[in-house]
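Report on the structure given below.
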Amino acid sequence: MAARSPGSYSRIVSWLKLLLPLVALGLLSTIFLFARNADPTANIPVATARDLAGRASQMVTDPRYSGTTDSGASVTLTAARARPDPEAEGQIRAETLEAAMAFEDGSRIDLAAPDARLRDSDDEVQLSGGVTITSSQGYRLTTDSLTAAMTRIEAQSGGAVRGEGPAGTIEAGRLRIEETGSEGARPGDVRLLFTGGVDVVYEP
Amino acid sequence: QGTSVAFGGMRQDSSLPVEISADNLEVDQSEGTALYTGSVVIGQGEMRLSAPRVLVVYGEGAGRIQRLEATGGVTLVSGDEAAEAERADYDIDAGTVEMTGSVLLTQGENALTSERMVVDLDSGRAQMAGRVRTVLQPQDAEGGGPQ
């Protein structure tokens, strides 16, 4: 076959045979070489400290604490919810707290309050927001605030106390519940001490 | 020998409410006794009984006071008469106050002393017993003493 004249057509084709694969290779490489700016770590759902602080993460529901004093009386605290107090370190805030003091001879004193602050270091619970005190001796009293010990029988009202006693209505400047240390008292003998002026009205 | 004198002058209804006011009240949780201390004043109607210590003795049944035991020097005032003694037991239901221990009853200028006196608040009468002695103030001519 006759030698082909090196016509322009076949020159073009031979160049194209070289150029076209190079272009294809270039296109192919753009898939890998150009870095996308998408940062893969951005959308992993990680909760930062900022989110956690907003929500009380250590909320306890229906907490229950009970202790017995060395005189044999038992103190039981139950609440609807309890969580660490954000403002004060080492302090727990509880809602609708009920404290029950049951004594050896079967008598008992119940305290209930909508708001309470417990500090374990000095085993004390501060009830506030309207405390009701019910004694099995027939006393039903209310006061604004009350401080009670958790491992022994001792409670002190913040201010005036009002309510019903077995002998009729009673009002006093302050109420103190404590174990009788007086002479001739058996251990575990508990007394309610109303001080600061007492007024009782008895209907015969 | 006993002497019966009028006391307090007017009848008193013993079902009136009794007010007890004091500095302190101590309630024993097991027995349920209530002890008022510190200038205790028991008031019912016209009658005022004041003493440094009053113990409440509850009767059977809830909320029934059987009697109030006032000790340590008691003053009973009713109307314009006053009586003093070491101790007084006030039985609310019966409406009687039994005073014992060097009782001194003063009526106007007259004074009677005895060991024991039982005052019936309803009828306004007082029954004195035990070495009753009367001290009469001589009245001037036109007055005329009550005795």
Side-chain angles (χ1 to χ4, degrees), chain A residues 71-73 101-110 133-141 153-155 157 161-204, chain B residues 12-45 47-70 89-97 120-122:
Chain A
S71 67
M101 303 181 193
F103 307 117
E104 267 171 351
D105 56 10
S107 63
R108 50 183 295 126
I109 297 180
D110 293 302
I133 302 142
T134 319
S135 142
S136 58
Q137 280 307 330
Y139 283 87
R140 259 194 63 75
L141 307 159
I153 301 300
E154 191 180 332
S157 82
V161 174
R162 259 170 313 294
E164 298 289 321
T169 62
I170 182 166
E171 243 181 83
R174 186 180 292 277
L175 165 67
R176 202 178 147 64
I177 303 171
E178 61 187 17
E179 264 168 326
T180 330
S182 61
E183 75 298 338
R186 303 183 314 277
D189 238 355
V190 173
R191 61 183 178 167
L192 287 86
L193 200 55
F194 298 89
T195 54
V198 180
D199 286 315
V200 168
V201 177
Y202 167 66
E203 303 285 343
Chain B
Q12 159 149 345
D13 177 358
S14 70
S15 66
L16 287 173
V18 176
E19 288 116 26
I20 306 170
S21 61
D23 289 349
N24 311 308
L25 162 64
E26 183 186 327
V27 173
D28 189 293
Q29 169 72 17
S30 32
E31 280 95 25
T33 60
L35 175 66
Y36 292 88
T37 51
S39 64
V40 185
V41 175
I42 305 168
Q44 183 183 39
M47 188 274 295
R48 290 290 174 277
L49 179 68
S50 53
R53 261 170 67 93
V54 170
L55 178 71
V56 177
V57 178
Y58 289 108
E60 290 73 27
R64 302 299 312 156
I65 290 189
Q66 193 180 354
R67 69 178 185 286
L68 301 173
E69 286 171 9
D89 287 316
Y90 176 22
D91 185 330
I92 297 179
D93 297 335
T96 63
V97 178
D120 184 338
L121 296 170
D122 291 338

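First the proteins, then the strands, lettered A, B, ... as listed; each starts at 1.
- Only the backbone of A/Arg108 has a heavy atom closer than 4.5 Å to any heavy atom of chain B.
- Contact tally against chain B (heavy-atom pairs below 4.5 Å) for A/Val200, A/Val201, A/Ile109, A/Ile170: the top residue is A/Val200.
- Residues B/Arg53 and B/Glu69 are not paired through a salt bridge, judged by the lack of any N-O separation under 4.0 Å between the basic side chain and the carboxylate.
- Comparing B/Ile65, B/Asp93, B/Ile42 by heavy-atom pairs within less than 4.5 Å of chain A, the highest count is held by B/Ile65.
- Applying the side chain to side chain contact (heavy atoms under 4.5 Å, CB included) test between A/Ser157 and each of A/Ile177, A/Leu175, A/Thr195, A/Leu141 identifies A/Leu175 as the sole match.
- For the atom pair A/Glu178 CD and A/Arg191 CZ, the distance stands at 4.0 Å (nearest 0.5 Å).
- Here B/Val27 is the residue among B/Val27, B/Ile92, B/Val40 with the most heavy-atom pairs under 4.5 Å with chain A.
- For a residue to count as touching a neighbouring chain, one of its non-hydrogen atoms must lie under 4.5 Å from one of that chain's; by this rule A/Ser136 touches chain B with backbone and side chain alike.
- Atom OG1 of residue A/Thr134 and atom CZ of residue A/Arg140 lie 5.0 Å apart, to the nearest 0.5 angstrom.
- Residue B/Ile20 touches chain A through both its backbone and its side chain, counting heavy-atom pairs closer than 4.5 Å.
- Rounded to the nearest 0.5 angstrom, A/Arg162 CZ and A/Asp199 CG are separated by 12.0 Å.
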